[in-house]
Number of protein chains: 2
Amino acid sequence: MQLKKYTDYGLRILMYLGSVQNSELPDKRATIKEICETFKLSANHVNKVVHHLGRLKLIETRRGKHGGFLLAKAPDEIRLDYVIRELEGDEAWIDCHNPYCVALPACELNSIVGRGKELFYEHLSRYTLKDLLKNSAQLQQIFLTAGQSPALNRSA
Amino acid sequence: MQLKKYTDYGLRILMYLGSVQNSELPDKRATIKEICETFKLSANHVNKVVHHLGRLKLIETRRGKHGGFLLAKAPDEIRLDYVIRELEGDEAWIDCHNPYCVALPACELNSIVGRGKELFYEHLSRYTLKDLLKNSAQLQQIFLTAGQSPALNRSA
DNA sequence: TCAAAAGATACATCAATAATGCACTTTATA
DNA sequence: TATAAAGTGCATTATTGATGTATCTTTTGA
Ligand code: SF4
Ligand code: SF4
């Protein structure tokens with residue numbers, strides 16, 4: 001019972017964009033390479049998440065030289081329930097088929113857990129990317145220094 | 001993002017006991033074999049869940065001939081949040097260490113998701129095994145007939 | 001016009017862990 | 001004392017998430 005790293009990576013990417021695309025640099029693009037260096041992640045995996053975020057129209061991707069991606073919406077328009085539902089995949093938390101469970105016709109459990117799941121998402125729906133950027137200054141600082149270190153290593 | 005089958009099996013076992021140990025047969029013991037035949041499950045896996053439920057003092061197990069197990073508490077004293085927390089394992093839904101995430105010092109996400117998780121369990125805490133036995137009569141019927149069929153197959 | 005830099009796409013492989021199986025032990029009781 | 005039950009530890013399999021490789025396409029600037 002844990003969110004996929006894939007989902008968390010998606011949120012990290014959005015946080016990164018939200019913190020780097022501040023009022024002074026509203027059109028700043030980030031690249032996959034940059035994200036990977038900051039968070040020490042696999043480029044391929046991040047690639048897939050970025051692509052997914054692009055399909056969801058949460059970010060705008062651009063290929064080619066000087067390409068990259070940036071937020072396609074204001075941070076307060078990006079709701080966490082939506083992001084997590086989409087990245088995580090919105091399956092039932094108990095699978096009563098595969099294989100079929102005999103109790104199903106009389107079972108109350110699946111609906112109780114299902115309602116609990118909805119409460120989880122309702123809670124998330126009260127937050128947006130903007131809430132994740134509360135400590136924006138500190139995040140900027142972190143991302144700045146985290147992005148620096150591999151540069152030092154490259155020359156070593 | 002799904003509960004483990006292990007957890008669901010535990011709840012099935014409790015439902016089975018609750019429905020079979022009715023007012024007429026309050027001391028009726030069930031066996032692992034019986035559960036497996038009813039739900040078509042692996043004896044070894046059920047074995048482990050039964051053992052776990054025994055350690056949690058939710059059921060009372062007895063070894064040896066004419067052994068088996070029965071509920072150790074009234075159904076309305078067995079809260080679903082407790083059962084699911086224990087069987088599922090109560091880990092954080094996002095792991096910010098392993099490997100360490102640079103954003104952690106400034107990140108709001110883990111606490112938002114953590115609160116959502118608690119809301120999920122708070123919801124479950126409003127239900128007990130008794131609620132799962134709402135359709136007790138139908139469950140009894142289901143378990144009775146489900147337990148019969150393999151008996152027919154054994155002689156075939 | 002071509003080379004380089006970026007994301008897009010498809011497929012392959014690895015790793016983690018849940019799920020299951022097997023063998024054997026211990027205990028109760030008829 | 002044989003048998004039927006749960007207890008225990010270890011091995012194996014299956015699932016799927018995580019990661020890697022290769023190649024393609026798009027964009028842009030020299
Ligand atoms: S016990 Fe209820 S929730 Fe669990 S698999 Fe069966 S029908 Fe679904
Ligand atoms: S982004 Fe936040 S929640 Fe996700 S791993 Fe990093 S610190 Fe934890």
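Throughout, protein chains are lettered first and strands after them, A, B, ... in sequence-line order, and every chain is numbered starting at 1.
- Think of the region where chain A sits on DNA chain D: with heavy atoms and a 4.0 Å cut, that region ends 5' and 3' at D:dG17 to D:dT28.
- Smallest separation of non-hydrogen atoms from A:I142 and B:A103: CD1-O, 4.4 Å.
- Residues of residues 62-74 of chain B that place a heavy atom closer than 4.0 Å to DNA chain D, in numerical order, are B:R62, B:R63, B:G64, B:K65, B:G68, B:F69.
- DNA chain C lies under 4.0 Å from no heavy atom of any residue of residues 1-9 of chain A.
- Residue B:H51 is in sugar-phosphate contact alone, with no base atom involved, counting any heavy-atom pair closer than 4.0 Å across all strands shown.
- Contacts between residues 88-97 of chain A and DNA chain D, counted as heavy-atom distances below 4.0 Å, involve no residue at all.
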Counting only pairs under 3.5 Å, give me each side-chain donor-acceptor contact of residues 87-100 of chain B, with atom names and distances, residues two or more places apart or in other chains.
| unit_1 | atom_1 | unit_2 | atom_2 | d |
| --- | --- | --- | --- | --- |
| B:E88 | OE1 | B:K4 | N | 3.1 |
| B:E88 | OE1 | B:T7 | OG1 | 2.5 |
| B:E88 | OE2 | B:K4 | N | 3.4 |
| B:D90 | OD1 | B:K117 | NZ | 2.8 |
| B:D90 | OD2 | B:R85 | NE | 2.7 |
| B:D95 | OD1 | B:H97 | N | 3.1 |
| B:D95 | OD2 | B:N98 | ND2 | 3.4 |

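- Map B:H45 and A:T61 each onto its nearest nucleotide of DNA chain C; the residue landing nearer the 5' end is A:T61.
- With sequence neighbours excluded, the residues that form a ring pair (Phe, Tyr, Trp, His ring centres under 6.0 Å) with A:Y16 are A:F143.
- Considering only residues two or more places apart in sequence or on other chains, B:R29 meets the side-chain hydrogen bond (donor to acceptor under 3.5 Å, both in side chains) condition with none of them.
- Looking at residues two or more places apart in sequence or on another chain, you find no side-chain hydrogen bond (donor to acceptor under 3.5 Å, both in side chains) involving A:N110.
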Could you pull out every donor-acceptor pair under 3.5 Å between side chains of residues 41-68 of chain A and any protein atom, sequence neighbours left out?
| unit_1 | atom_1 | unit_2 | atom_2 | d |
| --- | --- | --- | --- | --- |
| A:S42 | OG | A:N44 | N | 3.3 |
| A:S42 | OG | A:H45 | N | 3.2 |
| A:H52 | ND1 | A:Y6 | OH | 2.7 |

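- Between B:F39 and A:V102 there is a side-chain heavy-atom pair separated by less than 4.5 Å.
- Remark: the backbone N or O of B:L71 is paired with a side-chain donor or acceptor of B:Q21 at under 3.5 angstrom.
- Considering only heavy atoms from C-beta on, B:V113 comes within 4.5 Å of A:F120 through its side chain.
- What separates CZ of B:F39 from C1' of C:dT20 is a distance of 18 Å, to the nearest Å.
- A heavy-atom distance below 4.5 Å is found between the side chains of A:L133 and A:S19.
- Residues passing the side-chain hydrogen bond (donor to acceptor under 3.5 Å, both in side chains) test with A:Y127: none are found, sequence neighbours excluded.
- A:L3 has its side chain out of reach of A:D8: every pair of non-hydrogen atoms, C-beta onward, lies at least 4.5 Å apart.
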Protein-nucleotides 10-14 of chain C N/O pairs closer than 3.5 Å?
none

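- Contact of the A:I112 side chain with the B:R126 side chain is not registered, since no non-hydrogen atoms from C-beta on lie closer than 4.5 Å.
- The existence of a salt bridge linking B:E122 and B:R115 is confirmed by a sub-4.0 Å separation between a basic side-chain nitrogen and an acidic carboxylate oxygen.
- Taking A:Q141 as the reference, nothing meets the side-chain hydrogen bond (donor to acceptor under 3.5 Å, both in side chains) condition, with sequence neighbours excluded.
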